[in-house]
Protein chains: 2
Amino acid sequence: MAMITIQEISKISGYSPSTVSKALNNYSDISEKTRQKILKIAKDLRYVPNATAQSLVKKRSNTIGIVFEVEYGLNNLFFAKILESIRKQLEIQGYDLIFLSNNTNNGKDYLKHCYSKQVDGVFVISIGQSKEAVNKLLFSDIPVLSFDPDVEMKNSIYSESYNSIKTALKYLYDLGHRKIVYIQGSIYNFIGNMRYRSYLDFMKEYGLKPYYIKELDNAFYTFDEGYNAMRMNYERFGLPDAVLASSDLMAIGAMTFLKDKGYHIPDDVSIIGFDDIQLCEIIQPKLTTIRQDYEEIGKRASQTLIDMIENKISNIDPVIIPSKLIVRESCKQRK
Amino acid sequence: MAMITIQEISKISGYSPSTVSKALNNYSDISEKTRQKILKIAKDLRYVPNATAQSLVKKRSNTIGIVFEVEYGLNNLFFAKILESIRKQLEIQGYDLIFLSNNTNNGKDYLKHCYSKQVDGVFVISIGQSKEAVNKLLFSDIPVLSFDPDVEMKNSIYSESYNSIKTALKYLYDLGHRKIVYIQGSIYNFIGNMRYRSYLDFMKEYGLKPYYIKELDNAFYTFDEGYNAMRMNYERFGLPDAVLASSDLMAIGAMTFLKDKGYHIPDDVSIIGFDDIQLCEIIQPKLTTIRQDYEEIGKRASQTLIDMIENKISNIDPVIIPSKLIVRESCKQRK
DNA sequence: ACGTTTTACGAAATCGCTTTCGAGTAAATT
DNA sequence: AATTTACTCGAAAGCGATTTCGTAAAACGT
């Protein structure tokens with residue numbers, strides 16, 4: 001089934017291709033009568049503008065790219081949720097979202113790919129792996145918005161972490177806990193590092209001794225890592241009063257280890273996670289955690305990037321989305 | 001930063017645009033010497049072919065569309081996993097994946113969108129919502145592969161369900177269970193209905209009375225629905241020997257209800273889920289379930305669709321991926 | 001040395017659409 | 001009645017590639 005083109009509408013209507021195009025695009029120099037005629041024919045013929053041809057001449061594709069390079073990909077609940085929110089928002093705004101695959105033999109080159117596909121802007125969800133490729137993007141003339149930003153913090157959006165970690169720690173402190181373990185994810189990206197520093201700062205301010213496993217400083221926030229970190233921590237420092245983990249999965253991993261050891265949560269140990277994934281409500285006890293507002297992150301991200309695209313802004317201040325302590329059942333006053 | 005075009009390479013090299021294009025595309029009627037010269041210049045100038053222009057003339061975009069219309073979107077672990085596998089596979093094969101957003105004021109029209117964006121093929125992950133739009137796609141001349149197919153079963157890929165459900169039931173039967181509850185998802189799509197029929201068939205074959213809640217026949221496979229279904233079932237029919245749920249989340253929902261009631265799993269009731277999400281290994285007891293091979297589904301789906309695209313095949317037999325009972329800790333011999 | 005085949009390249013058309021600019025006609029102005 | 005002004009429309013160039021076809025030069029054969 002061949003596509004109907006403007007030329008054919010032109011033939012049938014008797015108007016020139018330019019006139020047809022203008023009618024279709026609401027130019028003001030087309031009389032209402034002819035516009036209606038042309039619109040009718042276009043409709044009858046089920047005319048569909050060829051977006052490819054359009055972007056060739058307009059240099060605009062109404063398509064936003066996404067560089068998605070994440071351990072476990074979409075299985076990573078956190079990013080899946082954000083992506084879902086982005087997807088919904090872009091749908092509303094009329095943009096398509098395209099995953100930029102990258103199989104150039106000569107190494108990754110996202111920038112090239114973006115140019116080639118003529119995307120209007122790009123989201124970057126990428127932790128660490130291909131720094132240079134991402135940096136090239138970040139410092140190009142294409143609007144870019146990055147999640148989980150690097151130290152440069154250029155054009156990024158993320159959840160507030162520093163204060164919310166402190167809030168959570170204060171909450172534990174007020175419950176009487178003093179020996180508080182921290183289970184970190186990677187401390188080499190911006191976010192992970194910020195959380196880590198927040199913990200250290202807090203402990204210092206309150207004159208407490210920090211407990212964490214230095215060697216495990218490059219984790220991916222998984223259940224197994226949480227389990228393992230808790231095990232090492234336990235063997236090295238004994239039973240803590242409370243645990244603060246940098247992800248829910250890690251928190252649940254830690255909780256599972258403690259349960260396996262025969263301890264009871266929250267009677268023996270209090271635990272707090274980070275993220276607020278669905279699982280928090282499913283497990284026993286329900287996990288107290290710091291909620292990231294995925295919906296809002298995705299929404300603001302989309303709005304911000306589109307704003308950058310439409311107003312040709314190439315540098316923005318970091319967009320920081322508030323996060324919030326959600327109290328459930330995994331913490332308790334110290335006996 | 002303007003993009004380098006073939007014209008510029010032409011200017012600099014002294015060769016015509018056609019020659020440059022041919023050199024870049026390994027045409028045989030270009031001498032090795034000039035090819036090298038041109039390639040060098042292209043490289044030095046960081047030439048990037050404009051994919052838009054290319055697809056305009058080639059009528060091929062190396063882009064595969066995806067219609068993604070699912071309750072809870074990517075938060076639906078099942079589809080997120082498949083998508084992840086697809087993504088990885090397409091990356092290898094050099095195709096980009098584009099989410100077809102759809103905000104035409106005059107209702108959804110995926111087909112239009114596909115034509116417009118010139119996608120080479122389309123995946124459809126859509127349960128029920130916009131039937132006609134999806135059907136138009138399915139019966140168009142664009143290669144389409146559908147997950148969770150409709151009754152027509154046209155061009156679809158899915159997990160084997162009928163036999164694996166029976167296998168699971170037989171497993172429960174052999175453990176001595178006779179009063180086996182089924183918690184269904186929707187029975188109005190192909191997959192859901194097949195599972196449901198499998199249950200009924202099995203119970204009939206073994207002369208057992210089926211237990212399920214008829215009214216709950218249009219669920220979305222969620223935790224809450226599982227919890228609720230189990231509650232209703234319990235209130236109506238009392239405690240069962242075993243439960244087979246059509247998703248892991250539902251199974252876990254059911255398990256949670258039973259635990260809340262003070263029962264012990266698997267001592268009092270055996271439970272089997274369907275999907276094999278990560279959670280199965282995390283909860284206590286670990287959930288016995290029927291595993292869908294997401295990896296394989298995504299991989300085969302990609303291969304199949306690409307095959308359809310490259311060999312202009314527009315109709316294929318259903319692709320059925322085996323699934324498999326994974327025995328963990330949630331089932332036990334009846335006392 | 002002459003005819004024939006190869007080889008290497010370029011001109012030009014094309015893909016489908018947008019946009020500038022000029023021109024013809026009708027309407028408005030003085 | 002003459003001159004502006006406003007409306008409509010179309011010709012043509014251009015976006016950045018690909019591809020057909022023709023041709024000049026080189027290579028070959030006898």
Side-chain angles (χ1 to χ4, degrees), chain A residues 1-39 41-42 45-63 112-120, chain B residues 1-39 41-43 45-63 96 112-120:
Chain A
M1 195 216 300
M3 272 181 67
I4 303 296
T5 71
I6 277 193
Q7 334 297 330
E8 316 193 31
I9 300 186
S10 163
K11 289 269 163 49
I12 297 183
S13 68
Y15 291 102
S16 77
S18 11
T19 301
V20 174
S21 170
K22 289 182 188 171
L24 259 20
N25 291 288
N26 289 314
Y27 272 57
S28 63
D29 62 345
I30 300 294
S31 80
E32 195 49 33
K33 225 190 317 174
T34 64
R35 183 197 311 290
Q36 290 307 333
K37 276 195 234 169
I38 292 177
L39 254 39
I41 298 183
L45 266 47
R46 301 175 192 289
Y47 167 75
V48 182
N50 184 318
T52 307
Q54 289 185 138
S55 39
L56 182 58
V57 36
K58 295 221 246 181
K59 285 157 178 343
R60 196 132 179 326
S61 61
N62 270 288
T63 301
K112 263 195 181 178
H113 204 141
C114 289
Y115 279 139
S116 181
K117 285 281 182 173
Q118 305 253 93
V119 299
D120 298 334
Chain B
M1 193 215 306
M3 271 182 65
I4 303 295
T5 71
I6 276 195
Q7 335 296 333
E8 315 193 32
I9 299 187
S10 163
K11 289 271 162 48
I12 297 184
S13 67
Y15 291 102
S16 77
S18 7
T19 301
V20 173
S21 170
K22 290 181 189 171
L24 258 22
N25 290 288
N26 289 314
Y27 272 57
S28 61
D29 62 345
I30 300 295
S31 79
E32 196 51 32
K33 226 191 314 175
T34 64
R35 182 195 313 288
Q36 291 307 333
K37 276 195 236 168
I38 292 177
L39 253 39
I41 297 183
K43 188 167 190 183
L45 265 49
R46 301 175 192 288
Y47 167 75
V48 182
N50 183 320
T52 306
Q54 288 185 137
S55 38
L56 182 58
V57 37
K58 294 222 245 184
K59 283 155 178 347
R60 196 134 180 326
S61 61
N62 270 287
T63 301
D96 288 324
K112 261 195 182 177
H113 204 142
C114 287
Y115 279 139
S116 182
K117 285 282 184 173
Q118 305 254 92
V119 300
D120 297 335

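Every chain is numbered from 1 and lettered A, B, ... according to where its sequence line falls, protein lines coming before strand lines.
- For A/S18, the side chain to side chain contact (heavy atoms under 4.5 Å, CB included) test picks out A/S16, with sequence neighbours left out.
- The existence of a salt bridge linking B/E8 and B/K11 is excluded, since no basic side-chain nitrogen approaches an acidic carboxylate oxygen closer than 4.0 Å.
- Fit an axis to the five pairs at each end of the helix from C/dA1-D/dT30 to C/dT30-D/dA1 and the two axes sit 40° apart, to the nearest 10 degrees.
- Residue B/Q54 places at least one side-chain N or O closer than 4.0 Å to OP1 or OP2 of D/dT18.
- When each of B/A51 and B/K22 is assigned the nucleotide of DNA chain D with its nearest heavy atom, B/A51 is the one assigned upstream, toward the 5' end.
- The distance from atom CG of A/N25 to atom P of D/dC9 is 16 Å, rounded to the nearest whole Å.
- Contact annotation: B/T19 side-chain N/O to C/dG10 OP1/OP2 distance is under 4.0 Å.
- Between A/T5 and A/N50 there is no side-chain heavy-atom pair separated by less than 4.5 Å.
- Closest to the side chain of A/Q7, from the set D/dA11, C/dC17, D/dT19, is C/dC17.
- Applying a 4.0 Å cut-off to non-hydrogen atoms, the residues of residues 27-35 of chain B that approach DNA chain D are B/Y27, listed by residue number.
- Pairing each heavy atom of B/L24 with each of B/A42, the nearest pair is CD1-CB, 4.2 Å.
- Considering OG1 of B/T19 and CZ of B/R35, their distance stands at 11.0 Å, rounded to 0.5 Å.
- Comparing D/dG10, D/dT18, D/dA17 against the side chain of B/P49 picks out D/dA17 as the nearest.
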Would you tabulate the nitrogen or oxygen pairs shorter than 3.5 Å linking the protein to nucleotides 12-15 of chain D?
{"unit_1": "D/dC15", "atom_1": "O3'", "unit_2": "A/K59", "atom_2": "NZ", "d": "3.2"}

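- Considering only residues two or more places apart in sequence or on other chains, B/R60 meets the side chain to side chain contact (heavy atoms under 4.5 Å, CB included) condition with B/K58, B/N62, B/Y95, B/D120, B/I309, B/E310.
- Residues satisfying the side-chain hydrogen bond (donor to acceptor under 3.5 Å, both in side chains) criterion with B/S55, sequence neighbours excluded, are absent altogether.
- When all heavy atoms are compared, the tightest approach of B/A23 to B/L39 is O-CD1, 4.0 Å.
- For the pair A/Q118 CD and C/dC17 C1', the interatomic distance rounds to 14 Å; values are reported in whole Å.
- The two residues B/D29 and B/K22 make their nearest non-hydrogen contact at OD2-NZ, 3.4 Å.
- OP1 or OP2 of C/dC17 sits under 4.0 Å from a side-chain N or O of A/Y47.
- Closest approach of A/L45 to A/I4, counting heavy atoms only: O-CG1, 3.2 Å.
- B/M3 approaches A/Y115 most closely through the heavy-atom pair SD-O, 3.6 Å.
- Rounded to an integer number of Å, the gap from A/I38 CD1 to C/dC17 P is 13 Å.
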